Amino acid sequence: MKQPITITLLLLCSFLNYAQIRITGDDMPSVNDTLRLSETFLDSTSAAIYQQSGANVEWNFEHLRPIRQSVKKYERAINTPYGFFFLGFNRYGVLQLDSLGVGQFQFREVYQYFKSDSREFRVEGIGLKFQGVPLPAYYSDEDEIYQFPLEFEDRDSSTFAFGINLPALGSYESVGYRINEVDAWGSIKTPFGEFDCIRVVSDIVSTDSIGVAEFKIGIQNVRRSYKWLAKGVRVPILEIEGNFVAERFIPTRVRYRDNYRDINDVVENLAPSVAFEADNLTPNVGDTVRLISNSSDLTLHEWTINPSTFSYVENTTANSRNPIVIFEEAGDYDLSLMVTNTFGSADTTELAYITASPISSTRRISNRLEFEVFPNPATDELLLYLDDISIQKATINIYNQLGQLVQQAAGVNQLNVSELVEGIYFIEVTLGTWKNIRSFIINR
């Protein structure tokens, strides 16, 4: 009986050893590699997935759709516009930006130069054209992006220093450190495919200084990147990077390895869809109704309700995703919703979608529980007409036009409203399961 158990354990260990991959210098880009990347935004689904860490994690990003694509060509350094400044074996440059900056601080043909060997993958410098003059910007302390081999639970740190002098303008320097941690392993799915991977989290802390004449201004930056690395893919299967603002990580870029996509078709698919429902289509006057958006994520909402005899409550507004409203008069209400995102807008309207009914007789304690307020408009006092027995048990709330509670009372039929500013208000009377609402005006 021992032999089958032993074989099972061996097979299991073999599987684990295969899944927990090791990244080396052979998995980095090589000269003449041409690699296509897609860029997108961090949707709510991805935001819930990417932070998962630990052993044997399954990250599924198959839903990603690109908003733009780029092709990175890794050229031998000598074949780039700044090759004379970056000579040497196994050095290559990548065009990162066609232009950078504005006005007199504009740079052209911005290349970044890398070197990879069995020990590390690092940045050696940057080449750029300033006012038509090619300039090298060297790292006096090179930035080691990865130190090999990379395996689960590895952790390393390194420093870097970079500087460039701009003719007649001043200087720019960046000094800092990088901390890498392989905090997870598992499998990742993207539109490019499914891969065994490790995940590297990099924190980069730098002080960036701009010097003009004798003055120097320094700004501290804290950045983070999450990179999923797989064997032989050369660049991260997926990379999410961003900045720390008030100790909170704010993602600013999502990139992933990909094939060619027709971006125009993809962008059309990213335009928002719009749909809604309500948790009660036949409320009584004074009931609260929640409107529920079933529209796309990451959209701005704008609700329109007609007629306007309603109010938003519980700190919701016309721009809330799922607002809560009270209908003040009986009748049919039309509902419209418009949603907007970066790629377009969409709207829909439902006529007579909600029908508000008067308070039904089955919910009345007596025939005299319908109430009125007087005078309307009011100045300093407001009288509530409700039978004496009922008023002793009633709770009274007054709301402003924003749905904010501004005054409360119980068991009284005369209210002092002298501290309320001029405007429209709503008075709500609750008695057991019965509730009703009326509007009134303060006018002085």
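Given the structure is predicted, the values throughout are model-derived calculations rather than measurements. What's counted below: heavy atoms across the whole structure, side chains too, no hydrogens, waters or symmetry copies.
Of the possible donor and acceptor atoms, one in the side chain of Asp117 sits under 3.5 Å from a partner among the backbone N and O of Glu120. No donor-acceptor pair under 3.5 Å is formed between the side chain of Arg199 and the backbone N or O of Gly186.
Two residues are said to be in side-chain contact when any heavy atoms from C-beta on lie closer than 4.5 Å; Tyr333 and Pro307 meet this criterion. With contacts defined as side-chain heavy-atom distances shorter than 4.5 Å, the pair Met28/Arg234 does not qualify. For the pair Asn221/Asn243, no side-chain contact is recorded, criterion being any heavy-atom separation below 4.5 Å from C-beta on.
No side-chain N or O of Asn284 forms a donor-acceptor pair with one of Ser357 less than 3.5 Å apart. At a cut-off of 3.5 Å, with distance as the only test, a side-chain donor of Tyr113 or Thr80 sits close to an acceptor on the other residue. Remark: the Gln407 side chain and the Asn397 side chain contain no N/O donor-acceptor pair separated by less than 3.5 Å. For Ser336 and Thr349, the side-chain atoms include at least one donor-acceptor pair closer than 3.5 Å.
The distance between the ring centers of Phe86 and Tyr138 falls below 6.0 angstrom. The aromatic ring centres of Trp228 and Tyr256 sit 6.0 Å or more apart.
Considering all non-hydrogen atoms of both residues, Ala352 and Asp332 come closest at CB-CB, 4.0 Å.
One finds a salt bridge joining Asp27 and Lys231 here, because a Lys/Arg side-chain nitrogen approaches an Asp/Glu carboxylate oxygen to under 4.0 Å.
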### Task
In sequence, state the C-alpha distance, the side-chain angles, and the governing distance for Tyr353 and Phe276, and then conclude on ring-ring contact (aromatic ring centres under 6.0 Å, His included).
CA-CA 11 Å; Tyr353 185 68; Phe276 63 78; 5.3 Å; yes
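Between Phe121 and Phe114, the ring planes lie parallel to each other; the angle is under 30°, not in the 30° to 60° tilted range. Note: Phe310 and Tyr312 have perpendicular aromatic rings, judged against thresholds of 30 and 60 degrees for the angle between ring planes. Ring orientation note: the planes of Phe249 and Phe244 are tilted relative to one another, at an angle of 30° to 60°. Classification of the Phe130-Phe107 ring pair by plane angle, with boundaries at 30° and 60°, yields tilted.
By the neighbour-count criterion of 12 heavy atoms within 6.0 Å, atom CZ of Arg22 is sparsely surrounded, having that number or fewer from other residues, nucleotides or ligands.
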